[in-house]
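If you scroll down you'll find the structure; I have some questions about it.
Because only heavy atoms are used, hydrogens play no part in the values below, and waters and symmetry mates are left out as well, while side chains stay in. What you are looking at is a predicted structure, and each value in this text was computed from that prediction instead of being measured.
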Amino acid sequence: MQEWFASHPLISYIVIFVLITYVYNKVFRVKQKLPLMKEILLYILMALGSAILLVFQIDKLPIIQCLLVAVALMLMVRIRYFVEDRQKKKAQTEPKS
């Protein structure tokens, strides 16, 4: 898989950028929106950072795999919070004996 990503740099770049954008939006985004120019600057900087990570990916470091693990862990945490919220709601709606 590492060789395939190294031989397809455009696809690797897009995957890295999408994963970084997902991680940013789910972990680091604040509740209030940024002004438009700051938002544009942020995505430009993320695109530049993705280009640097692409160099590392092509140089045989597992950047995409590490980002996929990070996204998988984030999804596991979201599932855990969802299950805990359901259990809390269920416990609140049950009548006490």
Checklist entry - Within a radius of less than 6.0 Å around OH of Y43, do more than 12 heavy atoms belonging to other residues, nucleotides or ligands occur? => result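 It does: Y43 OH has more than 12 such atoms within range.
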
Checklist entry - Is it the case that one hydrophobic cluster holds both F5 and V69, taking links as side-chain heavy atoms less than 4.5 Å apart, direct or via other members? => result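 Looking at the clustering, V69 is in a separate group from F5.
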
Checklist outcome for this item: For E3, the salt bridge (charged side-chain N to carboxylate O under 4.0 Å, His left out) test, sequence neighbours excluded, returns none

Next on the checklist: To the nearest 0.5 Å, what is the distance between CG on L54 and CG on D59?
Outcome noted: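 It is 11.0 Å, given to the nearest 0.5 Å.
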
Checklist entry - Among all residues two or more places apart in sequence or in another chain, which pass the side-chain contact (heavy atoms from CB on, under 4.5 Å) test with L67? => result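 So L67 forms a side-chain contact (heavy atoms from CB on, under 4.5 Å) with I16, L19, I20, I63.
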
Checklist entry - Say you draw a straight line from CE of M46 to CG of L41; how long is it, rounded to the nearest 0.5 Å? => result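 Reported value, rounded in 0.5 Å steps: 10.5 Å.
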
Checklist entry - Can you name the residues that form a side-chain contact (heavy atoms from CB on, under 4.5 Å) with A6, not counting sequence neighbours? => result K60

Checklist entry - Is it true that L10 and V18 fall in one hydrophobic cluster, defined by side-chain heavy atoms closer than 4.5 Å? => result yes

Checklist entry - Does the pair I64 and S12 meet the rule for a side chain to side chain contact (heavy atoms under 4.5 Å, CB included), with working shown? => result CA-CA 8 Å; I64 293 176; S12 298; 4.0 Å; yes

Next on the checklist: Which residues pass the salt bridge (charged side-chain N to carboxylate O under 4.0 Å, His left out) test with R86, not counting sequence neighbours?
Outcome noted: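 With neighbours one apart ignored, the set is empty.
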
Item to check | Interatomic spacing from CD in Q65 to CG in L68 - rounded to 0.5 Å | outcome: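 Atom-to-atom, Q65:CD and L68:CG are 7.0 Å apart.
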
Checklist entry - How far does CG of D85 sit from CZ of R80, to the nearest 0.5 angstrom? => result 11.0 Å

Next on the checklist: Assess the residue pair Q87 and V83 against the criterion (side chain to side chain contact (heavy atoms under 4.5 Å, CB included)); give the C-alpha distance rounded to whole Å, side-chain angles, the decisive distance to 0.1 Å, and a yes or no.
Outcome noted: CA-CA 6 Å; Q87 288 175 348; V83 169; 3.9 Å; yes

Checklist entry - Does atom CZ of R29 have more than 12 heavy-atom neighbours from other groups under 6.0 Å away? => result yes

Checklist outcome for this item: Residues at least two apart in sequence or cross-chain that pass side-chain contact (heavy atoms from CB on, under 4.5 Å) with K88, listed by chain then number, are none

Next on the checklist: I'd like to know if L42 and I52 are part of one continuous hydrophobic network [Ile/Leu/Val/Met/Phe/Trp/Tyr, side-chain heavy atoms within less than 4.5 Å].
Outcome noted: yes

Item to check | Heavy-atom closest contact (S50 atom, Y13 atom, distance) | outcome: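 In terms of heavy atoms, the two residues are closest at CB-CE1, 3.6 Å.
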
Item to check | Nearest non-hydrogen partners of I58 and P9, listed with the distance | outcome: CD1-CB, 3.9 Å

Checklist entry - Under a single-linkage definition using a 4.5 Å side-chain heavy-atom cutoff for Ile, Leu, Val, Met, Phe, Trp and Tyr, are V71 and F28 assigned to the same hydrophobic cluster? => result yes

Checklist entry - Would L53 and Y24 show up in the same hydrophobic cluster when neighbours are defined by side-chain heavy atoms closer than 4.5 Å? => result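 Same cluster: L53 reaches Y24 through Ile, Leu, Val, Met, Phe, Trp or Tyr contacts under 4.5 Å.
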
Next on the checklist: Can you list everything that forms a side-chain contact (heavy atoms from CB on, under 4.5 Å) with L36? Sequence neighbours excluded, please.
Outcome noted: I40

